[in-house]
Amino acid sequence: MVNSVAERAALDSVWVTRCPVPAASGVACAKGWMAEAFGQQGIAVKRVHELGLNLVASDPENQARHLFREGGNIQALAARALGAPTRVIGLTWIDERQAIMVRPDVGVMDPAGLKGLRFALPGYGRTHGESIARGMALQGIKSALALGGLTLEDVQLIEVPAPPVEQASVAGMRRLWLGLEWLAAGRVDAVYVKGAAGAEAAQRLGLETGIDLDAYPSRLARVNNGTPRPIVVHQHMIDHHPGLVECFLEQSLRAADWAAGNPGELKDIIAQETLSGRDGVEAAYRNNFHRALHPDLSEERVGMLKIQAQFLWLHGFLEAPVDVGAWVCADPLRTVLERRSALAASF
């Protein structure tokens, strides 16, 4: 549908979530490209910190209609399960150091050796759909156990307090991995972690990697909150502002292209985006991750999102099952990719 004059006149701002994750859209914002591209159309780009399933504008309903969100899939799936009229316009997959941490005296483990261990499991948040730390840990533990032919019934799950709900911050990211302090104190035997903040917290406590989930060739071992990570918009944007949806994707792809050739500068940006230090980024993001920021809607990535959605439904994190196939809207990305291909062919 073509943007109407009235719709365009009424829209002076769009919002982009500020999630502490590596994302091409975040790089595009950091480089100023999002603001420039939307500014040429008289539209301001505003970045917001994500707090649970809530939005923070004075008019949250209006903000929701004009919000681009590239972040973890647990909250996105939980919102969709509650009836949010969102659509997935892209998926990214960035391996970000998923591991089972242990004390130094244990060292590297075989997955079968996890049997009988006490694993930290964060408590529920305000709602099951906002229980990100718990969802990540449970899926990570389940995946590690499966590598050794084990199930969740083969270990003890020890509840640790849920991280407090707060504005994204360095301190807040550290509190996300409270189980590591329990591990260092001997109250549990193993903790699942992911990302730069988790890597930094483990290093600070002198803990070691027992099982490196990134080392296993099958991506099934790493399906979790950020893998795959959906790019979500409101159906309103697709219906009334398709050109702006395409603009967002174009700048994200531009940033992903740039990142592939500028790993050093990218790591500095990612350190700021993930609220961690350069050491945390070095530890968490490996294996040429700088070449992997491009969003797509491949059959593999959509299939992995279906696996995650089924896991969350079976374990009580969703209010209803989500039809991932119906949630995906491939048209905007297909249009942008075709345009880029035609432009490249013209040179």
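Being a predicted model, the structure only gives us computed values, none of them experimental.
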Keeping the roles fixed (side chain from S341, backbone from L337), state whether a donor-acceptor pair exists under 3.5 Å. no
Return the CG to CH2 distance between L67 and W15, rounded to the nearest 0.5 Å. 9.0 Å
Which residues satisfy the salt bridge (charged side-chain N to carboxylate O under 4.0 Å, His left out) test with D189, sequence neighbours excluded? R103, R118
Checking R334 now: which residues fulfil salt bridge (charged side-chain N to carboxylate O under 4.0 Å, His left out) with it, not counting sequence neighbours? D331
Give a yes or no on whether I307 and V324 share a hydrophobic cluster (residues Ile, Leu, Val, Met, Phe, Trp, Tyr; joining criterion: side-chain heavy atoms under 4.5 Å apart). no
Return yes if some donor-acceptor pair links the side-chain N/O of H128 with the main-chain N/O of G316 below 3.5 Å, else return no. yes
Evaluate the side-chain proximity of T127 to F317: yes if any heavy-atom separation is below 4.5 Å, no if none is. no
Verify side-chain contact (heavy atoms from CB on, under 4.5 Å) between F68 and V232, making sure each step is shown before the conclusion. CA-CA 6 Å; F68 292 92; V232 174; over 6 Å; no
Can you find a heavy atom in the side chain of I141 that is under 4.5 Å from one in the side chain of L157? yes
Which residues satisfy the side chain to side chain contact (heavy atoms under 4.5 Å, CB included) test with S218, sequence neighbours excluded? L220
Report the residues that fulfil side-chain hydrogen bond (donor to acceptor under 3.5 Å, both in side chains) with E265, sequence neighbours left out, ordered by chain and then residue number. K31
W93, V328: one ILVMFWY side-chain cluster at the under-4.5 Å cut-off? no
What do you reckon, are the aromatic ring centroids of H66 and H234 less than 6.0 Å apart? no
Could you walk me through whether L117 and F119 satisfy the side-chain contact (heavy atoms from CB on, under 4.5 Å) test, starting with their C-alpha distance in whole Å, then the side-chain angles of each, then the deciding distance to 0.1 Å, before giving a yes or no? CA-CA 6 Å; L117 296 188; F119 276 85; 4.1 Å; yes
Is there a path from V191 to L138 through hydrophobic residues (I, L, V, M, F, W, Y) whose side chains come within less than 4.5 Å of each other? yes
Answer with yes or no whether the side chains of Q139 and Q308 bring together a donor and an acceptor at under 3.5 Å. yes
Please check this pair: side chain of N73 against backbone of N224, looking for a donor-acceptor N/O pair closer than 3.5 Å. yes
For the pair D154 (side chain) and K115 (backbone), establish whether a donor and an acceptor sit closer than 3.5 Å, ignoring hydrogens and angles. no
Checking L244 against I43 for the side-chain contact (heavy atoms from CB on, under 4.5 Å) test, could you report, in this order, the C-alpha distance in whole Å, the side-chain angles of both residues, the deciding distance, and whether it holds? CA-CA 10 Å; L244 297 183; I43 297 171; 3.5 Å; yes
Derivation of the side-chain contact (heavy atoms from CB on, under 4.5 Å) call for I238 and V233: CA-CA 8 Å; I238 294 172; V233 297; 3.9 Å; yes
For residues 319-330, pull every pair meeting side chain to side chain donor-acceptor pair (under 3.5 Å), keeping only residues two or more places apart or in separate chains. T86-W327
In terms of side-chain geometry, is the basic nitrogen of D257 or R291 positioned less than 4.0 Å from the acidic oxygen of its partner? no
Which heavy atom of P332 sits nearest a heavy atom of I89, and at what distance? CG-CG2, 4.3 Å
Heavy-atom nearest pair, V16 first then C29, reads CG1-SG, 4.2 Å
Is there a donor-acceptor pair closer than 3.5 Å between any side-chain N or O of R97 and the backbone N or O of G195? no
Write out all pairs satisfying salt bridge (Lys or Arg N to Asp or Glu O under 4.0 Å) with one or both partners inside residues 292-313, taking only residues at least two apart or from two chains. R219-E300, D296-R301
For the residue pair W33 and W258, categorise the inter-ring angle as parallel (less than 30°), tilted (30 to 60°) or perpendicular (more than 60°). perpendicular
Salt-bridge present (R339, E246; N to O < 4.0 Å): yes
Can you find a heavy atom in the side chain of R229 that is under 4.5 Å from one in the side chain of L91? no
Side-chain (R222) to main-chain (Y216) donor-acceptor, under 3.5 angstrom: yes
Between R134 and P122, is there a donor-acceptor pair closer than 3.5 Å when you use the side chain of the first and the backbone of the second? yes
Tell me whether V302 shares a hydrophobic cluster with V223, the cluster being built from Ile, Leu, Val, Met, Phe, Trp, Tyr side chains joined at under 4.5 Å. no
Once you round to the nearest 0.5 Å, how far does CD1 of I270 lie from CZ of F289? 5.0 Å
